[in-house]
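Every number for a ligand or one of its atoms is a count from 1 in the order of the listing.
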Amino acid sequence: MLFKMKKDILTGEITDKLVFQNRRKIIKAVTATAMASFIPASMSAQIKKYAEIPLGPYSASLQVTDIEYVKNYTNYYEFTTNKNDSTILSKALKTSPWSVTVEGEAEKTGVFNLEDILKTNPLEQRIYRFRCVEAWSMVVPWIGFPLANMLKQFKPTSKAKYVEFTTIYNPNVMPGQRGTALEWPYLEGLRMDEAMHPLSLMATGMYDDELANQNGAPLRLVVPWKYGFKSIKAIVKIRFSETMPATAWNKAGPNEYGFYANVNPEVPHPRWSQSRERILGASIFTPKRNTEKFNGYGAQVASLYSAMDLKKYF
Ligand code: MTE
């Protein structure tokens, strides 16, 4: 997992939130100029659309990871298990038009165009910590909408206890799906109360732009108190179910990747400790960070698990 760092970020500095916000201001200014100059109207409209998205209520005041790391150090096994190569390989995936099939225990099922979903789900920005099960972490300014808002629109029935998400299956453009790294298509799931929690986000963008293909365009899940593998990319199907979904990583390694996958420094992965994390983009001299239970979102989500033994339901 060698990562070819860009020269300008060799120092391993992390972008300060202030710098990121100043960049937003600059983008807005550039957009205003672009309106009256030679940048095509469609392009300036897109820049404007993303740069003006309001900061949502759950954003924390944190240092944002340099975008170059977030875009070029990715996990996307449908393309490759190499974290650097999915940037190029995933360009082959056509993400527009895009539709999402809704099935199972809901009143409103069927096939929905992403464009229509977006018309009724206003976007906001959320700056979230993100912790991978591999013990590295980052801070990402996502753009998206609360998962709960969209799920409510499908009117789940009282039988809906879980919600299952599936990634597109297309081995012609996703070479990893011709192999057996995981059982395809990639499938993830949440308990209904987790899915309806206001922190759960459906992301369509990040860093004032649309999601890059390698980061899960055009629609991915972000659940900040869980390990990153729950944050499934390129979602084409949502199914409400009465029973717990059999998820891709849980099937691949039931003793290593639980269904809940809540970030928990007290429960080691069988092959490594989860007590500390490497900060993506930080210099080799930066000490590892102590991992926080629920990735630091305990005040918001711990009550969802008050009756559970988190060592058993890991
Ligand atoms: N979703 C799909 N469809 N395929 C994947 O391989 N990898 C997961 C998750 N979502 C993955 C996925 C893992 S292991 C992590 S840590 C995060 O995506 C990484 O997100 P990022 O690549 O945008 O950093």
Where is the nearest protein heavy atom to [atom]: which residue, which atom, and how far?
atom                    : result
atom 17 (C) of ligand 1 : G228 O, 3.5 Å
atom 6 (O) of ligand 1  : Y77 N, 2.7 Å
atom 24 (O) of ligand 1 : M138 CE, 3.2 Å
atom 21 (P) of ligand 1 : K233 NZ, 3.4 Å
atom 4 (N) of ligand 1  : E78 OE1, 2.8 Å

Q | Electrostatic pair E194:K226 at N-O distance under 4.0 angstrom | A |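 Yes, this pair counts.
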Would [X] count as a contact residue for ligand 1, given that I'm defining contact as a non-hydrogen atom of the residue lying under 4.0 Å from a ligand atom?
X    : answer
K83  : no
F130 : yes
S231 : yes
K230 : no

Please could you name the atoms of ligand 1 that [X] approaches to less than 4.0 Å, counting only its heavy atoms?
X    : result
T167 : 3 (N)
R220 : 17 (C), 18 (O), 20 (O), 21 (P), 23 (O)
I232 : 1 (N), 10 (N)
T74  : 22 (O)
C132 : 16 (S)

Q: Describe, in one word, how the ring planes of H269 and W272 are oriented to each other, choosing from parallel (under 30°), tilted (30 to 60°) and perpendicular (over 60°).
A: parallel
Q. Hey, what's the ring geometry for F112 with F154, parallel, tilted or perpendicular (30° and 60° as the breaks)?
A.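 The arrangement is tilted - the two ring planes meet at 30° to 60°.
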Q) Is there a chain of hydrophobic side chains (I, L, V, M, F, W, Y, each step under 4.5 Å between heavy atoms) that links F229 to F314? A) no
Q. Would I88 end up clustered with V173 when hydrophobic side chains under 4.5 Å apart are linked, directly or stepwise?
A. no
Q: Measure from atom 8 (C) of ligand 1 to every heavy atom in Y186, W136, Y73 and give the option owning the shortest one.
A: Y186
Does one side chain, of [X] or [Y], offer a donor that lies under 3.5 Å from an acceptor on the other?
X    : Y    : value
Y305 : W225 : yes
K233 : N215 : no
R131 : T291 : yes

(Q) When you compare ligand 1 with W142, is there at least one nitrogen or oxygen pair between them that comes in under 3.5 angstrom? (A)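 There is no such contact.
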Q: Pick one of side chain, backbone, both or neither for how Y76 approaches ligand 1, counting any non-hydrogen atom pair under 4.0 Å.
A: both
Q. Ligand 1 versus N75, non-hydrogen atoms closer than 4.0 Å: side chain, backbone, both, neither?
A. both
Q) With no hydrogens and no angle check, is any side-chain donor or acceptor of N250 less than 3.5 Å from a backbone partner on Y257? A)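 Pair found, side chain donor or acceptor close to backbone of Y257.
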Q. Knowing that exactly one of Y77, Y169, Y76, W249 qualifies, which makes a side-chain hydrogen bond (donor to acceptor under 3.5 Å, both in side chains) with Y186?
A. W249
Q. So with a 6.0 Å cut-off around CD of E256, is the heavy-atom count from everything else above 12?
A. yes
